[in-house]
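Read through the structure below, which is laid out as structure tokens, and then see the notes.
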There are 2 protein chains.
Amino acid sequence: MSAALSKGERTRADIVECARRLFYEHGYDGTSFSAIVEASGLVRGNIYHYFKSKDDILKAVVAQHLDEFSALLARWERESTDPKQRLLAFIDMVTGRRNDLVKYGCPIGTLNSELAKDRRDLQQGARALFDLFRTWLAARFTEMGQPPAAADALALHLLGRAQGIALIAHVYRDAKLLQQETAVLQDWVKQL
Amino acid sequence: MSAALSKGERTRADIVECARRLFYEHGYDGTSFSAIVEASGLVRGNIYHYFKSKDDILKAVVAQHLDEFSALLARWERESTDPKQRLLAFIDMVTGRRNDLVKYGCPIGTLNSELAKDRRDLQQGARALFDLFRTWLAARFTEMGQPPAAADALALHLLGRAQGIALIAHVYRDAKLLQQETAVLQDWVKQL
DNA sequence: TACAAAACAGGATGATCGTCCTATTATAAC
DNA sequence: GTTATAATAGGACGATCATCCTGTTTTGTA
């Protein structure tokens, strides 16, 4: 087991977790610093002891997302050696998270979409979340015998399909639509 | 020719056009009332003479979008009677607007995505833009002999694919990716 | 030319934003 | 127990936000 967290480290993690949830549910701009203060139960000064700005909190949130999704990808690689099964595990994540996806959209897609308009500095960091999946998916297509360029194209295709599904389901707040479209995507993977 | 606009009607249209551009480029929340004031060259009081709130301006912007896209759909119906050709006209719109799509994302998708998180009241109105395309696309699939439910599913599928492509291209700011993926989508339509 | 309505003008207002500041208290090493 | 550092505390600050308010000017019509 890894070393226990000190009190400060725990507080820091609490702040990041609160912010992660708020940013996801209300967006980055839609979450005020005061909202983080209230949700965390801490006081303004204390939060600024751990982070020098709200932007800085977002960077920590993105880093946490990267950690968690990396762990997820590693798990999918452990659970199966068949590239197709691994791709299906990716789609299973979408269906498994359907309730949150319908309510708040894709955490990666909506974050990048928001930041891409006016916060390109922050979006550059958030794009790493896309790159993580893009690279991993491409590796699966490579396992299936695709040359590098085609593997990357297929990875982006699958990523785009998933994003489109999440967006439509979010806009219409409809889990049935999400199920319906992920089924189509599963068929696409199976017949590759 | 339609009746000329009165001075007031022209001013009102100017405000809507300024706001439309700003909302698209910077998002709704990212556009301050002051920004609309400066871009339009008018003064605060005058804008409030035409619209009772910023939300009200957005509603007018959505209405203008509805008008323009309706006209576009009508044009595609005039330009071809073949349902496949009409669907391809839809995809051609995506490639034709690639520069703006890469810079600012899809005007319909990014607007709905932003509003869906915390402004569901406004998003309900903006969703009409999705419905417009959804209905029109479904009518094309109906023309191709699909029963109503399947036609609607195919329409949403195509809409979702287009949204996914726009999102990926926007996040990566890459027009090449957009071209590459629209080509795949064109092939899908052609082999229907 | 008189007059009512529309259009234009721009400062005032209170709320909220992210950030900063100086204290006070808790912790840990010596 | 002394001391330095980390953690907690919370009000102050200036900027910006959307909206409101009371005027003045222009326009259209009789």
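Residue numbering restarts at 1 for every chain, and letters A, B, ... go by the order of the sequence lines. Fair warning: this is a prediction, and the values are worked out from it, not measured in the lab. Just so it is clear, the values below take in all heavy atoms, side chains as well, and ignore hydrogens, waters and symmetry mates.
Between the CZ atom of A:Phe33 and the P atom of D:dG14 there is a distance of 19 Å, given to the nearest Å. When rounded to the nearest whole Å, the span between CD of B:Glu9 and P of C:dC8 equals 12 Å. As a whole-Å value, the separation of A:Asp55 CG from C:dC20 P is 12 Å. One interatomic measurement links the two molecules: CZ of B:Arg12 to C1' of C:dA6, which rounds to 15 Å at whole-angstrom precision. Distance, B:Ile47 CD1 to D:dA18 P: 11 Å, rounded to whole Å. The nearest whole Å value for the distance from the OH atom in B:Tyr28 to the P atom in D:dC17 is 13 Å. When rounded to the nearest whole Å, the span between CG of B:Asn46 and P of D:dT26 equals 13 Å. Per the geometry, OH belonging to A:Tyr50 stands 18 Å off P belonging to C:dC20, to the nearest Å.
In this structure, the side chains of B:Asp56 and B:Lys54 stay at 4.5 Å or more apart for every pair of heavy atoms.
Here A:Arg119 pairs with A:Asp55 in a salt bridge; the nearest charged N to carboxylate O distance falls below 4.0 Å. Looking at B:Glu9 and B:Arg12, no side-chain N of the basic residue comes within less than 4.0 Å of a carboxylate O on the acidic one, giving no salt bridge.
Nucleotides of DNA chain C nearest to A:Gly45 and A:Ser32 differ in position, and the one nearer the 5' end is that of A:Ser32.
A donor N or O paired with an acceptor N or O is not found under 3.5 Å between the base of D:dA9 and the side-chain atoms of A:Arg44.
Of the listed nucleotides (C:dA7, D:dA7, C:dT19), C:dT19 has the atom at the smallest distance from the side chain of A:Ser53. Here D:dA7 is the nucleotide among D:dA18, D:dA7, C:dC8 with the atom lying nearest to any side-chain atom of A:His49. Comparing atom distances between the A:Ser34 side chain and each of D:dT19, C:dA7, C:dC17 picks out C:dC17 as nearest. The side chain of A:Val43 lies closest to D:dT8 when the candidates are D:dA18, D:dT8, C:dG10. Considering only side-chain atoms of A:Lys54, the nucleotide from C:dA7, D:dT8, C:dG18 that sits closest is C:dG18.
Because its NZ or CZ atom is not both nearer than 6.0 Å to the ring centre of B:Phe23 and within 45° of the ring axis, A:Lys117 does not count as a cation-pi partner of that residue.
Ring geometry, A:Phe90 versus A:Trp76: the interplanar angle exceeds 60°, so the pair is classed perpendicular (tilted spans 30 to 60°).
Residue contacts for B:Tyr48: at a heavy-atom cut-off of 4.0 Å it reaches a base atom on one of the strands shown.
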